[in-house]
Amino acid sequence: MIKIIVTDLDNTLLRSDKSISDRTITVLKECRTKGIKIVFATARSTQSASRFLEQFTPDIFVGYGGALVSAGEEVIHRFDISAEIAARIIKDCLNTPEISAILAINESVALTNNVEALAEKDSAHYQYVDSLTDCNYSYLKISINAASQPAIEKIAANYPTLDMLRYTGENLYRFANRNAVKWNALTAISKHFNVSTDTFVAFGDDVNDLEMIAKCGIGVAVENAIDEVKAVAGYICGSNDNDGVANWLKKHILNR
C-alpha cells in the first residue's frame, strides 16, 4: 500500500514551461484525500521553489538536492557545508578561470558573484556581492557555472566530505555535503513518520533521482528521463509535458 508519493520537480512534475498543470494539482489533492502524503524532492531551494509551493503545498519538502527536509516549519533533516569548507571551496573556484559564476545558498541567504545570474528567473532571489570570500556562512549547496568539467573535478578531489554533481545537459555543477542526497532525505522521512520506504512511490528524471527510483518501493521514470534512470525504474510513465506523473497516479493509485 502506497503511503507516500515522492516527486522531483523540474522535468518530472513540472512541464517544460516550468508550470504545474491543473490536472496534476487535482490528482495530487485526490491522493491526499486518501491519506497519502505528498513529497516534493528537488534540487531547488525553498526560494526558487516558492511559486510552485504556492500552487500546491506538499506535506514534506525536500530541497537543495536533499540537504534540507521540512514538514511545514519543522526541520526533519539537514546537512550543510560548514562555513570553513565553504570559504575554502569558494576561494578555489574564484581562482579557476573556467568558472564564470558561483551561487551559494542556504535557507536565509542566497549570494552570487555574477550579476548576470540575477537576470535568470530561477536566480532572481540571489543577491550580488563583490566578494563571496567576505561572507562567513554555511551553505546547503554551492552551484557553479563552468565551461570545463575537469576543472571542477580537480577542485572536487580536494573535498572528500562533499559531493559534486553535474546536471544533465548543462554547464551547471552542484557542491553539497556528501550526505545531502535525496535517498538519505527519504530515509529520514521514513524514520520520522515510522513508515517503510517500501510504501513510497518515487518519480524522477535525472541522475540525482536515480538512487531513490531504484530503492523506493516503486520507482517511476518519466518518459523524458535519462536512460540510467529508466534502467532502474519499475515503471515508465508519460513525459512531464503530458502529465505523466498525474496519469500514472490516476491509473495505479486512484483507480485501484
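- With rounding to the nearest 0.5 Å, the separation of CG in D209 from CD in E211 is 11.0 Å.
- Counting non-hydrogen atoms of other residues, nucleotides and ligands closer than 6.0 Å to OH of Y137 gives a total of 12 or fewer.
- A side chain to side chain contact (heavy atoms under 4.5 Å, CB included) with I36 holds for exactly one of I5, L254, T199; it is I5.
- Side-chain contact between W183 and C216: present, with at least one pair of heavy atoms (C-beta onward) separated by less than 4.5 Å.
- Residues A185 and G66 approach most closely at CB-O, 4.1 Å, considering heavy atoms.
- To the nearest 0.5 Å, the span separating CG on L28 from OG1 on T7 amounts to 7.5 Å.
- When every heavy atom of I81 is checked against every heavy atom of A86, the shortest pair comes out as CG2-N, 3.8 Å.
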Item to complete: May I have the step-by-step check of side-chain contact (heavy atoms from CB on, under 4.5 Å) for I152 and F175, ending in yes or no?
Response: CA-CA 10 Å; I152 300 298; F175 284 102; 3.8 Å; yes

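- Note on M164: it clusters hydrophobically with I99, by side-chain heavy-atom contacts below 4.5 Å among ILVMFWY residues.
- Taking 4.5 Å as the limit, some side-chain heavy atom of K37 sits within range of a side-chain heavy atom of I4.
- Remark: R88 CZ to Y159 OH distance equals 4.5 Å, nearest 0.5 Å.
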Discussion item. Run the side-chain contact (heavy atoms from CB on, under 4.5 Å) test on F193 and I76 for me, step by step, so that the C-alpha distance in whole Å, both residues' side-chain angles and the decisive distance to 0.1 Å come before the verdict.
Written reply: CA-CA 10 Å; F193 291 101; I76 295 172; 4.1 Å; yes

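- Contact detail for A43 and N208: the closest heavy-atom pair is CB-ND2, 4.0 Å.
- A salt bridge between D80 and K141 is absent, with no side-chain N of the basic residue lying under 4.0 Å from a carboxylate O of the acidic one.
- To the nearest 0.5 Å, atoms CG (D17) and CD1 (I20) are separated by 11.0 Å.
- Between the side chain of N224 and the backbone N or O of N11, at least one donor-acceptor pair lies under 3.5 Å.
- When every heavy atom of H125 is checked against every heavy atom of S48, the shortest pair comes out as CE1-CB, 3.5 Å.
- Salt-bridge annotation for R15 and D243: present, with a side-chain N of the basic residue lying under 4.0 Å from a carboxylate O of the acidic one.
- The main-chain N or O of S190 is never found under 3.5 Å from a side-chain atom of N194 such that the two would form a donor-acceptor pair.
- No donor-acceptor pair under 3.5 Å is formed between the side chain of N247 and the backbone N or O of C237.
- Counting heavy-atom neighbours within 6.0 Å of K154 NZ, excluding the residue itself, gives a total of 12 or less.
- Counting heavy atoms from C-beta outward, V75 and L68 have side chains that approach closer than 4.5 Å.
- A salt bridge does not link K230 with E223: every distance from a Lys NZ or Arg NE/NH1/NH2 to an Asp or Glu carboxylate oxygen is 4.0 Å or more.
- Using a 3.5 Å distance cut-off with no hydrogens or angles, the side chains of N184 and T187 do not pair a donor with an acceptor.
- One N or O on the side chain of N255 and one on the backbone of K250 form a donor-acceptor pair closer than 3.5 Å.
- Side chains of Y126 and Q47 form no contact here, defined as non-hydrogen atoms less than 4.5 Å apart.
- Closest approach of S123 and L103 over heavy atoms only: OG-CD2, 4.0 Å.
- No more than 12 heavy atoms of other residues, nucleotides or ligands sit less than 6.0 Å from atom CD of E116.
- Counting only heavy atoms from C-beta outward, the side chains of L172 and R166 never approach each other to under 4.5 Å.
- Formation of a donor-acceptor pair under 3.5 Å by the N177 side chain with backbone atoms of N179 is found in this model.
- For the pair I25/Q55, a side-chain contact is recorded, criterion being any heavy-atom separation below 4.5 Å from C-beta on.
- Under a 3.5 Å cut-off, the side chain of N106 and the backbone N or O of S138 do form a donor-acceptor pair.
- Between atom CD of residue E107 and atom OG of residue S70 there is a gap of 9.0 Å, rounded to the nearest 0.5 Å.
- A donor-acceptor contact closer than 3.5 angstrom links the side chains of T46 and Y64.
- Counting non-hydrogen atoms of other residues, nucleotides and ligands closer than 6.0 Å to CD of E74 gives a total above 12.
- Connection of L13 to L249 is established within a shared hydrophobic cluster, with ILVMFWY side chains joined at heavy-atom distances below 4.5 Å, either directly or through further cluster members.
- Put simply, the side chain of S196 gets close to the backbone of D198: a donor and an acceptor are under 3.5 Å apart.
- Residues V181 and L140 are members of separate hydrophobic clusters, defined by side-chain heavy-atom contacts under 4.5 angstrom among Ile, Leu, Val, Met, Phe, Trp and Tyr.
- Contact record, I38 with D59: N-OD2, 2.7 Å, taken as the closest heavy-atom pair.
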Item to complete: Check the pair T12 / D205 against side-chain hydrogen bond (donor to acceptor under 3.5 Å, both in side chains), numbers first and verdict last.
Response: CA-CA 6 Å; T12 300; D205 75 293; 3.0 Å; yes

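- Side-chain polar atoms of N171 and Y173 form no donor-acceptor pair below 3.5 angstrom.
- Cluster membership for I144 and V129, using ILVMFWY side-chain heavy atoms within less than 4.5 angstrom, is shared.
- Between the S82 side chain and the I85 main chain, a donor and an acceptor come within less than 3.5 Å of each other.
- A donor-acceptor contact shorter than 3.5 Å links the side chain of N114 to the backbone of S100.
- In this structure, I213 CD1 and D8 CG are separated by 8.5 Å, a value rounded to the nearest 0.5 Å.
- Panel note: side chain T197, backbone F200; no donor-acceptor pair is recorded below 3.5 Å.
- Between the side chains of T96 and E98, not a single donor N or O lies within less than 3.5 Å of an accepting N or O.
- No chain of hydrophobic side-chain contacts below 4.5 Å, direct or via other Ile, Leu, Val, Met, Phe, Trp or Tyr residues, connects L9 to I60.
- Salt bridge annotation for D163-R174: present, with a cationic side-chain nitrogen under 4.0 angstrom from a carboxylate oxygen.
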Practice prompt. Could you check V69 against F61 for side-chain contact (heavy atoms from CB on, under 4.5 Å), going step by step and ending with a plain yes or no?
Written response: CA-CA 6 Å; V69 182; F61 178 74; over 6 Å; no

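- The closest side-chain heavy-atom distance from F56 to K29 is below 4.5 Å.
- Within 6.0 Å of CD in E170 there are more than 12 heavy atoms belonging to other residues, nucleotides or ligands.
- With sequence neighbours excluded, the residues that form a side chain to side chain donor-acceptor pair (under 3.5 Å) with W248 are H252.
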Item to complete: Begin with the C-alpha distance, continue with both residues' side-chain angles, and end with the deciding distance and a verdict on side-chain contact (heavy atoms from CB on, under 4.5 Å) for I226 and V207.
Response: CA-CA 8 Å; I226 62 173; V207 63; 4.2 Å; yes

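- The shortest side-chain heavy-atom distance between L111 and L132 falls under the 4.5 Å cut-off.
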